[in-house]
Undergrad: 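Structure incoming, see below.
Per chain, numbering begins at 1; letters A, B, ... match sequence-line order.
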There are 2 protein chains.
Amino acid sequence: MLEPDVFSALANPVRREILMQLRKGPRAVNDLASGFDLGRPAVSEHLQVLRKARLVREEPRGRERYYHLDPRPLSEVDDWLKAFTHYWKQRLAALGDVLDEEARK
Amino acid sequence: MLEPDVFSALANPVRREILMQLRKGPRAVNDLASGFDLGRPAVSEHLQVLRKARLVREEPRGRERYYHLDPRPLSEVDDWLKAFTHYWKQRLAALGDVLDEEARK
DNA sequence: TTGACGCGTCGGATATTTCCGACGTATCAA
DNA sequence: TTGATACGTCGGAAATATCCGACGCGTCAA
């Protein structure tokens, strides 16, 4: 793990799911781990990867550690994808689907 | 490689660079490989991963194989990121930078 | 103070990734 | 046809990823 890059952090489905969970608010490690078919050490090690990629931040609270989402490094992925957006957006025809979906929010 | 998912395909910097190269048009394998500090078999195996993730398509042309970019599976990553976009976009203040950059094209 | 809890991390097992040289196949040029 | 070229893939080496049980440390509740 010499280079804690964001792309590698996202390569694992467990880590992606952890990030999804953390959207709803900070969570303690045991609480997170109970949602997976994994032992606590494994989850703890996934959190270490996410920490090194700066995608999560830890907040000690008594004997627990609450992990917070920090989505900012995801912008690196988003920026990278922008180089390709042009290509696949062409195929969506100018139906305004995207705008409609935005307006519906 | 039981599950050729797009996230894993993007985890490797060589594969990301291959996709970048292919934006400019289809390329033969040796042509691609010459741009990396890697042997041809390695590049060929990276192309296999990209093929299984359906990010590239091969077009035999005589004894060469031209690889074409197919960026459509990238929309899966884009969609996943959308679940987080809201979070980091909040921090970019409403300066309209994005719109300006779009207008400049 | 004591025992239970929450957590990180280590040692080690296993699986996967990444790379290469070697080989076989198909295609080209002469 | 013959030799060179372009490529995929295999066997194996080395590195990395993933997971677990065990251990140690700090914190809490009694």
Undergrad: Report yes if the side chains of Leu69(B) and Phe84(A) come closer than 4.5 Å at any heavy-atom pair, otherwise no.
TA: yes

Undergrad: According to the side chain to side chain donor-acceptor pair (under 3.5 Å) rule, which pairs have a member within residues 11-22 of chain A, sequence neighbours left out?
TA: Arg15(A)-His46(A), Glu17(A)-Gln21(A), Gln21(A)-Arg27(A)

Undergrad: By nearest nucleotide on DNA chain C, pick out whichever of Arg51(A) and Pro41(B) is the more 5' one.
TA: Arg51(A)

Undergrad: What integer distance in Å separates Glu45(B):CD from dA13(D):C1'?
TA: 13 Å

Undergrad: With a 4.5 Å cut-off on side-chain heavy atoms, are Leu19(A) and Leu10(A) touching?
TA: yes

Undergrad: Using a 4.0 Å heavy-atom cut-off across all strands, classify Tyr67(A) as base, sugar-phosphate, or nothing.
TA: sugar-phosphate

Undergrad: Kindly state which residues belonging to residues 11-21 of chain A come within less than 4.0 angstrom of DNA chain C, counting heavy atoms of the residue only, listed by number.
TA: none

Undergrad: Quick one: what's the B/S/- string for nucleotides 23-30 of chain D, heavy-atom cutoff under 4.0 Å, read 5' to 3'?
TA: ---BBB--

Undergrad: Find the distance Asp5(A):CG to dT17(C):C1' and express it as a whole number of Å.
TA: 14 Å

Undergrad: Excluding sequence neighbours, so at least two apart, what forms side-chain contact (heavy atoms from CB on, under 4.5 Å) with Arg54(A)?
TA: Pro73(A)

Undergrad: Among all residues two or more places apart in sequence or in another chain, which pass the side-chain contact (heavy atoms from CB on, under 4.5 Å) test with Ala28(B)?
TA: Asp31(B), Glu64(B), Tyr66(B)

Undergrad: Using atom CZ of Phe36(B) as one end and atom P of dC20(C) as the other, report the distance to the nearest whole Å.
TA: 13 Å

Undergrad: Starting at CD of Glu59(B) and ending at C1' of dC7(D), how long is that distance when rounded to a whole Å?
TA: 15 Å

Undergrad: Within this structure, what is the CE-CG distance for the pair Met20(A) and Leu22(A), rounded to the nearest 0.5 Å?
TA: 11.5 Å

Undergrad: More than 12 heavy atoms of other residues, nucleotides or ligands under 6.0 Å from CG of Asp79(A): yes or no?
TA: yes

Undergrad: Tell me: CG of Leu10(B) to P of dT17(C), nearest whole Å?
TA: 14 Å

Undergrad: Between the axis at one end of the helix from dT1(C)-dA30(D) to dA30(C)-dT1(D) and the axis at the other (five pairs apiece), what's the angle to 10 degrees?
TA: 30°

Undergrad: Taking CG from Leu50(A) and P from dA17(D), how many angstroms apart are they, rounded to a whole number?
TA: 13 Å

Undergrad: In Å, rounded to the nearest 0.5 Å, how long is the span from CZ of Arg65(A) to CG of Leu32(A)?
TA: 14.0 Å

Undergrad: Within the pair Ser44(B) and dG8(D), is there a side-chain N or O less than 4.0 Å away from OP1 or OP2?
TA: yes

Undergrad: Output the distance between atom CD (Glu58(B)) and atom CG (Leu50(B)), rounded to the nearest 0.5 Å.
TA: 12.0 Å

Undergrad: Hey, what do you get for CG (Leu47(B)) to CD1 (Ile18(B)), rounding to the nearest 0.5 Å?
TA: 4.5 Å

Undergrad: With Val56(B), which of Arg51(B), His68(B), Gln48(B) fulfils side-chain contact (heavy atoms from CB on, under 4.5 Å)?
TA: Arg51(B)

Undergrad: Please give, in whole Å, the distance from dT9(C) C1' to Gln48(A) CD?
TA: 8 Å

Undergrad: Please walk me through it: do Asp78(B) and Lys82(B) pass side chain to side chain contact (heavy atoms under 4.5 Å, CB included)?
TA: CA-CA 6 Å; Asp78(B) 196 58; Lys82(B) 280 192 178 73; 2.8 Å; yes

Undergrad: DNA chain D: His46(A) or Ala28(B), which has the more 5' nearest nucleotide?
TA: Ala28(B)

Undergrad: Using OP1 and OP2 only, check whether a side-chain N or O of Asn30(B) sits under 4.0 Å from dC7(D).
TA: yes

Undergrad: Can you tell me how far P of dT5(D) sits from CD of Glu64(B), to the nearest Å?
TA: 13 Å

Undergrad: How would you label the contact of Leu38(B) with the nucleic acid (heavy atoms, under 4.0 Å): base, sugar-phosphate, or nothing?
TA: sugar-phosphate

